[in-house]
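A quick write-up on the structure given underneath.
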Protein chains: 2
Amino acid sequence: MVLPRAARTQRRTRIQEEKEELILEAALEVFATHGFRGSTIDQIADVAGMSKPNLLYYFRTKEAMHRALIDRVLDSWLDPLREFDAEGNPVSEIRSYIRRKLEMARDFPRESRLFANEVLQGAPHILDELKGPLKELVDEKAEVIRSWTRAGKIAKCDPYHLIFAIWSTTQHYADFDVQVRSVLGEERSGEGRFEDAARFLEQLFIDGLAVKGDPSSA
Amino acid sequence: MVLPRAARTQRRTRIQEEKEELILEAALEVFATHGFRGSTIDQIADVAGMSKPNLLYYFRTKEAMHRALIDRVLDSWLDPLREFDAEGNPVSEIRSYIRRKLEMARDFPRESRLFANEVLQGAPHILDELKGPLKELVDEKAEVIRSWTRAGKIAKCDPYHLIFAIWSTTQHYADFDVQVRSVLGEERSGEGRFEDAARFLEQLFIDGLAVKGDPSSA
DNA sequence: TGATAATTTGACCGTTTGGTAAACACTACA
DNA sequence: TGTAGTGTTTACCAAACGGTCAAATTATCA
């Protein structure tokens, strides 16, 4: 019997596992570079190397593919922030948060762009996740940052805008990669640009948040 | 005789002027929220309040509309950087550059998103402009920044990544507006968020670039 | 091996898309 | 007022789109 994919509650075949992975990989490639509405099923099928009906056997709609991808990406996107530790040293916590976000931009640029496309276009599919889980997590970490400023460990600042600044500067290297490469020129477009970015951003954020007149941070 | 719009070399009618403006306004709205491939001519015609063939009388293709928009936006997008003055005081130059970029994010978010969509999707229509005029302008301003660091007026840093950081942090408030609003919550989503952002970013960049141990910058 | 379920395919469908043709309406100006 | 252009609309087209279907093929395992 042919059951639609979504109705199969029991265990998945080896082929199912493999093909779904193959499709999501292709879908990521396509969605990340064209956005949801700009992508076609034929395109995805083509990249995945299978026929369109075959692809639709595993994901019944274009939306289903996108949903599956978004769910997966959103979760891993939040991971670095979750690791943000209240007990740790503020300077090294911020430093390693920047590092992790920059590593994600380097190693998973398509995931970043998928997310960027979605948010840029008004986040029609994930508005609830943004207003719910994301906001709650940020609220929690903002409170951590505030406690650091109260303790005089870092300069007084708006924790939300600090988080926005870290997000934007790091993801810039994935989302606006073409622009970054264009401006840097070919000589500086090697992997080394991530190291340069890391150095600059660490300096910017660490010095920018250092308590004024505190010699220990110099 | 009906001449295609592009062939009309002589002066434009009052109606032409008005309608083309109306169309570009509508096209900006649509392209900015759906990207090029995700937008349809019908959608734009609908927003502009005219029939599709009527719209195509003024712009013969979807591409022509996009081109016209991109050209206009790219130019004004570069303006703030052009104003960056080598003779000025580094701290106030950087401060007012941030202000101007933030004002653009606040007053022209659709223009910013149009550009973001284009770059995010690989800049297929403006790669030459990025590698040419944009790169040249940035190269020039990077040299200005380098001269400031050599003169000991600001901390030593990579001028390119400094410019990237200012671009990304400021444009974030236009391009990722939905996310920013979601995280801040409704109470903080008023226009005041731009003032908060300005305060934070000025602190971050000014203190982050202050020469260490220099009391004049405290 | 055979039966049964899982997978793949080609042919197809209704809709949307970018764009055209030609007729019609309006406007400016001699 | 007439008429030559300018502007607008209705009707249409071929291609691309998301998705379905039944038939054919392949995998699984008793």
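Throughout, a chain's letter reflects where its sequence line sits, starting with A, and its residues are numbered from 1. Because the structure is a prediction, the values reported are computed rather than measured. When reading the values below, keep in mind they use all heavy atoms of this one structure, side chains included, and skip hydrogens, waters and symmetry mates.
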Assess whether side-chain contact (heavy atoms from CB on, under 4.5 Å) is satisfied between A:Thr169 and A:Phe205, documenting all intermediate values. CA-CA 11 Å; A:Thr169 49; A:Phe205 282 98; 3.8 Å; yes
Which pairs with one or both residues in residues 175-186 of chain B pass salt bridge (Lys or Arg N to Asp or Glu O under 4.0 Å), sequence neighbours excluded? B:Asp177-B:Arg181, B:Asp177-B:Arg193
Between P on C:dT7 and CG on A:Leu56, what's the gap in Å once rounded to a whole number? 15 Å
In whole angstroms, the gap separating P of C:dT7 from CD1 of A:Ile23 amounts to 11 Å
Between the main-chain N or O of A:Ala64 and the side-chain N or O of A:Thr61, is there a donor-acceptor pair closer than 3.5 Å? yes
Verify the neighbour count for atom CZ of B:Phe84: are there more than 12 heavy atoms of other residues, nucleotides or ligands below 6.0 Å? yes
Are A:His125 and A:Glu118 close enough that a side-chain donor and a side-chain acceptor fall under 3.5 Å? yes
With a 4.0 Å heavy-atom cut-off, tell me which residues in residues 30-40 of chain B come close to DNA chain C, sorted by residue number. B:Ser39, B:Thr40
Please enumerate all residues that pass side-chain hydrogen bond (donor to acceptor under 3.5 Å, both in side chains) together with B:His172, with sequence neighbours excluded. none
Just how far, in rounded Å, is P of D:dG7 from CD of B:Glu18? 11 Å
Polar-atom pairs under 3.5 Å, protein N or O versus N or O of nucleotides 9-15 of chain C: list them with distances, or write none.
from: C:dT9; atom 1: OP2; to: A:Ser51; atom 2: OG; distance (Å): 3.2

Expressed as a whole number of angstroms, how long is the span from A:Arg60:CZ to D:dC21:P? 12 Å
Using a strict cut-off of less than 4.0 Å between a Lys/Arg side-chain nitrogen and an Asp/Glu carboxylate oxygen, indicate whether B:Arg82 and B:Asp79 qualify as a salt bridge. yes
Using a cut-off of less than 4.0 Å, is there contact between a side-chain N or O of A:Gln16 and OP1 or OP2 of C:dA6? no
Can a donor-acceptor pair be found, under 3.5 Å and without considering hydrogens, that links the side chain of A:Thr33 to the backbone of A:Glu29? yes
Closer than 3.5 angstrom, by distance alone: can the side chain of B:Gln43 be matched with the main-chain N or O of B:Val30 as a donor-acceptor pair? no
Taking it one step at a time, do A:Glu93 and A:Glu83 satisfy side-chain contact (heavy atoms from CB on, under 4.5 Å)? CA-CA 9 Å; A:Glu93 281 302 314; A:Glu83 287 183 43; over 6 Å; no
Separation of A:Tyr58 atom OH from D:dG19 atom P, in whole Å? 18 Å
Between NZ of A:Lys62 and P of D:dA16 the distance, given in whole Å, is 16 Å
Tell me, which of residues 41-49 of chain A have any heavy atom that sits under 4.0 Å from an atom in DNA chain D? A:Ile41, A:Asp42
Taking B:Gly38's backbone N and O only, do any of them form a donor-acceptor pair with A:Arg37's side chain (distance below 3.5 Å, no angle check)? yes
With a 4.0 Å cut-off, would you call B:Glu25 and B:Lys19 a salt bridge? no
Protein-nucleotide distance (A:Phe59, atom CZ; C:dT7, atom P), rounded to Å: 13 Å
Report yes if the distance between the aromatic ring centroids of B:Tyr173 and A:His161 is under 6.0 Å, otherwise no. yes
Inter-end axis angle, the helix from C:dT1-D:dA30 to C:dA30-D:dT1, with every axis fitted to five base pairs (rounded, 10 degrees): 0°
